[in-house]
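This report concerns only the one structure given below.
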Amino acid sequence: MSADASLVARVERIVDATPIHDIHTHLYDPAFGSLLLWGIDDLLVYHYLVSEAFRHLDVGYDRFWSADKVTQAAWIWDALFVRHSPVSEACRGVLTALHMLGIEPRKGDLPSIRKWFAAQNAISHVDRVLALANVSTVCMTNSPFDDEERPGWEAGFDRDPRFVAALRIDPLLLSWPSATNQLRAQGYGVTPGRTTANASEVRRFLSDWTRRIDSRYCMVSLPPDFAYPADTDAAWLIDHAVLPHAREHGQGFALMMGVKRAVNPALKLAGDGVGRSDLVALQNLCAANPDNRFLATCLSRENQHELVVLARKFRNLHPFGCWWFTNTPQLVAEITSMRLELLGTSFTPQHSDARVLDQLLYKWSHARRIVARCLADRHADLAASGWESTDGEIARDARELLGGSCAAFLAGG
Ligand code: HDL
Ligand code: ZN
């Protein structure tokens, strides 16, 4: 049942007032300096817009990639905002972010927008964006395999408590033989084999980095053909290192399932695609490891209903987010309604996946609108059954959906 305008407004007000714990982003603690991206050029060269712009650009891949960021941004602005209406979700997002910052792009041009950002101080801009987006914590994606990021952690720095960490381990699980070279370089005596000695060294690596960054969970993105159990390095490492580590440290293991890396390598970060995953792997993981807690999101629309039903079968599975290609208004509404109707509030509807600080403004204002509408519809149905919800109950729902359920799940609640 669709809620009436007054109930929608009431739920929107409550959802807007609820601070968000963003459980997955690619943002960095400001101490990482230039790794934390912000400003109009980074907004425009976001890989979502790069792939959309190439559908209009007569610039070749090589010429685009050899140009500087300002030039790339100007090409993207011209292709997607000037020569065509910016109706895609990623284009609209740029305009929402600018609008929330008080910048009206219709009244200015790209240089004047660039000038506004250039006049901002990085730290106060972080404060401004987090306050405007009403985001209280941002979970980063932290990889010991990233040569740019690792030195910062090894040197140590004063943490901004609003930026919490998550340990990203894709190379370990998906490219084990080559990952052993990087682990050996970091002082872990591993070989490419599947041995008990290797398993304990990998656990030492995971423990060291968990403590170093105080990570909330371990995360991996997986291809559509990921199988478990299986005679693969990934399955062996999950069984002999990652899951025992997670139990020892009371940590969740987050799976992002269904990404096809480098479908078009010429697009670089924009070149990844999607495939339907066989969720029997997730079913087997949850069934065989009842003492482990799994966060999971699927990239394929076709996997969403099966993921929700699996979460009804396994209390150690917490679905989260409308990831990447499912982060569109139509699919967020479809998936969030499905989850509310089958799981109540025991899931996390969205993460921003923000790569650029200012994206928090649009990713969350767009998500809040839809989550509020879906939640209002549920409360309209309750009212139709004689159950009038109080503001306090709706506020509890909002806290749970905007980070609280995930925090309770990860804490073992
Ligand atoms: O693997 C991931 O965490 C994905 O989110 C990728 O980083 C992807 O490039 C992305 O940013 N999607 O939103
Ligand atoms: Zn991501």
Side-chain angles (χ1 to χ4, degrees), residues 20-28 35-38 42-54 88-94 97 135 137-146 148-149 163-175 215-224 226 234 252-275 277 294-301 303 319-329 331-332 335 348-364 366-367 406:
I20 280 170
H21 297 277
D22 193 343
I23 68 169
H24 172 64
T25 78
H26 297 272
L27 301 177
Y28 288 91
L35 287 185
L36 173 59
L37 305 177
W38 58 283
D42 282 308
L43 280 171
L44 289 172
V45 300
Y46 182 38
H47 68 74
Y48 289 32
L49 293 175
V50 169
S51 55
E52 292 174 32
F54 264 109
S88 77
E89 180 61 7
C91 285
R92 170 193 167 220
V94 173
V135 170
T137 59
V138 162
C139 192
M140 302 180 279
T141 296
N142 305 107
S143 170
F145 300 94
D146 181 326
E148 278 192 295
E149 177 187 2
F163 290 76
V164 299
L167 187 58
R168 186 63 177 260
I169 56 173
D170 290 34
L172 180 75
L173 298 187
L174 304 178
S175 323
S215 64
R216 298 299 163 94
Y217 56 78
C218 282
M219 173 179 269
V220 65
S221 68
L222 295 166
F226 169 71
F253 182 31
L255 308 170
M256 304 183 89
M257 305 181 78
V259 54
K260 279 183 182 172
R261 295 294 180 191
V263 167
N264 178 359
L267 281 174
K268 298 189 177 185
L269 203 52
D272 298 331
V274 58
S277 297
F294 298 93
L295 298 171
T297 195
C298 291
L299 193 50
S300 164
R301 179 191 191 185
N303 278 134
F320 75 95
C322 295
W323 182 28
W324 203 341
F325 306 117
T326 62
N327 187 8
T328 61
L331 290 181
V332 172
I335 296 166
T348 299
Q350 193 55 297
H351 61 278
S352 71
D353 232 323
R355 285 180 172 273
V356 181
L357 178 73
D358 313 278
Q359 290 175 339
L360 292 175
L361 295 169
Y362 86 80
K363 293 214 184 216
W364 282 114
H366 294 180
C406 184

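The shown structure was predicted, so the numbers you read here are calculated from the model rather than taken from an experiment. Ligands are counted one by one from 1 in listed order, and the atoms in each one are counted from 1 as well.
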*Note the single closest protein heavy atom to atom 4 (C) of ligand 1, along with its residue, its atom name and the distance in Å.*
W323 NE1, 3.5 Å
*For atom 13 (O) of ligand 1, what's the nearest protein heavy atom and its distance?*
Y48 OH, 2.4 Å
*Looking only at atom types and distance, does a side-chain atom of Q350 sit under 3.5 Å from a main-chain N or O of C322, one as donor and one as acceptor?*
yes
_For atom 5 (O) of ligand 1, which of the options V220, D170, T25, D353 provides the nearest non-hydrogen atom?_
D353
*asked:* Looking at the Zn ion (ligand 2), is there an N, O or S atom belonging to H24 that lies under 2.8 Å away from it?
replied: yes
*When you look for heavy atoms under 4.0 Å from ligand 1, do you find them on the side chain of R261, its backbone, both, or neither?*
side chain
*Show your reasoning for whether side-chain contact (heavy atoms from CB on, under 4.5 Å) applies to H47 and K268.*
CA-CA 8 Å; H47 68 74; K268 298 189 177 185; over 6 Å; no
*For side-chain contact (heavy atoms from CB on, under 4.5 Å), just list the numbers for R168 and H26, CA-CA rounded to whole Å, side-chain angles, deciding distance to a tenth of an Å, and then say yes or no.*
CA-CA 11 Å; R168 186 63 177 260; H26 297 272; 4.1 Å; yes
*asked:* Test side-chain hydrogen bond (donor to acceptor under 3.5 Å, both in side chains) on E149 and N142; report intermediate values, then the result.
replied: CA-CA 8 Å; E149 177 187 2; N142 305 107; 2.6 Å; yes
_Apply side-chain hydrogen bond (donor to acceptor under 3.5 Å, both in side chains) to residues W323 and D353 and explain how you reach the verdict._
CA-CA 8 Å; W323 182 28; D353 232 323; 3.1 Å; yes
*Let me see the working for E148 and L35 under side-chain contact (heavy atoms from CB on, under 4.5 Å), right down to the final yes or no.*
CA-CA 8 Å; E148 278 192 295; L35 287 185; 3.9 Å; yes
*asked:* Looking only at N, O or S atoms in D353, which is nearest to the Zn ion (ligand 2)?
replied: OD1
*What protein heavy atom is closest to atom 10 (C) of ligand 1, reported as residue, atom name and distance in Å?*
H47 NE2, 3.5 Å
*Which atoms of ligand 1 sit under 4.0 Å from any heavy atom of H24?*
3 (O), 5 (O)
*May I ask you to check if ligand 1 and D272 share an N or O to N or O distance below 3.5 Å?*
no
*asked:* Out of Q359, M256, R355, who is nearest to atom 11 (O) of ligand 1 when you count heavy atoms only?
replied: R355
*Proximity of R168 to ligand 1 by residue part, where a heavy atom lies under 4.0 Å*: side chain
*Say whether D22 and W364, considering side chains only, have a donor N or O and an acceptor N or O under 3.5 Å apart.*
yes
_Distance under 6.0 Å and angle within 45° of ring axis: K363 vs Y48_ = yes
*Check if M219 has a non-hydrogen atom at a distance under 4.0 Å from any atom of ligand 1.*
no
